[in-house]
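Here the structure comes first, spelled out in structure tokens, and everything after it is commentary.
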Amino acid sequence: MVEYRIDRRSGVATYLQIVQQTKQALRMGLLEPGDRLPTAREVVEATAINPNTVLKAYRELEREGLVEARRGLGTFVRATLGTHPADSPLRGELTDWARRARASGLERDDVAALFTSVLKEHFEGDDDR
Amino acid sequence: MSTPALRGPYWVTVRQYRRTLWLTGALVLAALAVIGGLRIWDLQTPDVYLEDGYWRPADDNSGFRMLRFGVEQLSLGMVLLPLLAGAFVAGPLVAREFESGTYKLSLTQSVSPAAWLRAKLLTATAVALATTLALMGVFRIGWGRASGTWDLNWSDRGPYEATGVVLFAYVLAAVAVGVLVGQLIRRTLVAMTATGLVMGVVLLVLGELRWSFLAVKTVTGPRDATLWTPDNGLMMDMGLITSSGARFDQSVCWDEVNRSPRLDGMGDGGMRIFENCLTRHGVTGQYVDYHPQSHFWPTQLIETGILLALAALAGYAAFRLLRARHP
Amino acid sequence: MTEDTALRAELLGRKYGGRRGGWALRECDFTLPRGRICALVGPNGAGKSTLLALAAGLLRPTEGTIEAPARELLAYVAQDKPLHPRLSVDDTLRMGRELNPGRWDSALAERVVEGGGFSSDTLVHHLSGGQRTRVALALALGKRPELLLLDEPMADLDPLARHQLMGLLMAEAAEHGTTVVMSSHILTELEGSCDHLLLLHGGRIRLDGPVEDLLAAHTLLTGPVADLAPHTVIESRTTGRQLTALIRREGPVEGPWETSEPSLEELLLAHLRTPEGAAA
């Protein structure tokens, strides 16, 4: 089960925060297919946000094929997002790369900029807000 | 107070004012204890034989004197009961809801405003009538012994209200007026005062008018004998009549006495001139206008009718007002 | 009133103190769809409380009409949170049951009162302001209303209780589709919770509609000073050669300006600072 944390001053629309946090949980393997998302009631009772915002976020996730609403039962995870980075070989490779970058004298910000520019190059056009 | 049978706004009203209910019950019990106790105290001293089978309380019977005093005070309290009931209804029961703003709570529940007001009206009515009945019972305990003595006749203010049905009608009218005034004047103390004043005026006015409801009876007799009011009657007027039966205004003859130049020298204060004057005008007898005790119940019923009409009118106006203000 | 409308006003007006006196509310027209969480905002004296009392049926309109659900389906919490001072909390909830037969949800009412840090046999007049609010809200929610009218509901609450009760309120709305109208002049209290907005100023409605639509219809722009026609300027400020303005768009914004969507707070403040009528 995920727990959403809403930051009202982030400037990011509330429903997007829910969408992003759900996706993050999917990526991290915290949510797996078959898991139930918290009900709108549970989310709004904990966060005091508008119920329609939660429903809107869930509709967005459903539209993207990540979850499905089962009438009277709740909203369930259908798909997972990519492999689980936490324990995949890709993570190991990235760790190696980061170590080499540091050894070659790059600062943290330089590494981040490099990584972002490569990301941008390879994922151009994927609208993954 | 356990109130298992009460439901809805009745439960709320009783629950809110349970202290007042306790206090009312305690006062009735206190009245019972005092009058009952005095009655027993009075029994400790035997009565004195007067004549012709009449007995009177012994002069040293303090119990009797206290009982008489107690009965007088109780009857006075009972006359004031409608004022108290009306003031309570107008103030704490109704006006305070508006003054403190709790009407916003009461009038937005599922129960309609009319049902809310009705619960207050009927609860107050039931309690006030029960209190009146109980106090009348207590009064009877003392009245049986003290009635007929000075200032405690059937027609006197106090006993008149406390022994008939009219007090119930006063209480009803007071509650209805209270419900109306409480809504009109939405301030607790002002509403209480106003209702007390209104009921006080009603009490005084009807007290003045009540002996004009029925025509008086008249008895006549010779000029020089004491003329008693028959039938334990309430004397309304007395005076002199001429041989033709016409009522004679005796101030005519007193004027003549006063005009007499040698009045100071006369040993009888001018009585001879007065008597001569009466004879000259043909005055032969005297009369007494009175209400016999048999007028008690008809008078009570007429007064009750007037008060019930007042109660109905005030009650109707109260509900109309509520409807007009709160849809 | 149609199935999907919770509250509708047509040319609604109300004068202070009955017939005489000035207008507390004038020519109000709006329709609030069911299931919305509506923020009723405006400065003090804008007519928020009058509008809520009219909706609750406590006042009669001086002119126009207001259509609201029947008394049984409506709950109202006035600004001063009136409660009978001599009743205990338990008695107050029992009163809710007695006065709303067939509708009362005691489990819910007790849940609202729980966590208030007072025992249920406390007399109401011993409660603090925040605790009173809790009991008043319990009384309103326990009735299971379709329309919940709350006048400055959170003013007396500490941040923790505010968050908890707002959460509970939203949860009830989520589960039962309750329409909520709450007035406030604390904007942050409402941001995130409300999806509908009613802005009152000087007794008149200045903004009315879904928050998203209102935000989307406005643009915050900065750039060189220039004529902003055909857009409606709500508020503009010039610093040297730079212009900052909040506009209601009429068509796309073309020009050398940097644009962004305003936040709810920016939108409300701009409208409140503007003299009446300028941006109607």
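Numbered from 1 within each chain, the chains take letters A, B, ... in sequence-line order.
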>> So which atom in C:His163 and which in A:Thr47 form the shortest heavy-atom distance, rounded to 0.1 Å?
In response: NE2-O, 3.4 Å
> Considering all heavy atoms of both residues, which atom of C:Ala174 and which atom of A:Pro51 are nearest to each other, and what is their separation?
Replying inline: CB-CB, 3.6 Å
For [X], look at atom [atom1] and say whether over 12 heavy atoms of other residues, nucleotides or ligands are found less than 6.0 Å away.
{"X": "C:Glu212", "atom1": "CD", "answer": "no"}
{"X": "A:Leu119", "atom1": "CG", "answer": "yes"}
{"X": "A:Glu3", "atom1": "CD", "answer": "no"}
{"X": "A:Arg102", "atom1": "CZ", "answer": "no"}

Roughly how far, to the nearest 0.5 Å, is [atom2] of [Y] from [atom1] of [X]?
{"X": "A:Asn50", "Y": "C:Asp195", "atom1": "CG", "atom2": "CG", "value": "4.0 Å"}
{"X": "C:Leu168", "Y": "A:Arg41", "atom1": "CG", "atom2": "CZ", "value": "6.5 Å"}
{"X": "A:Thr14", "Y": "C:Glu191", "atom1": "OG1", "atom2": "CD", "value": "8.0 Å"}

> Hey, which of C:Ala171, C:Ala173, C:Ser263, C:Gly35 has the most heavy atom pairs under 4.5 Å with chain A?
Replying inline: C:Ala171
>> Under 4.5 Å from any heavy atom of chain A, what part of C:Glu172 do you find: side chain, backbone, both or neither?
In response: both
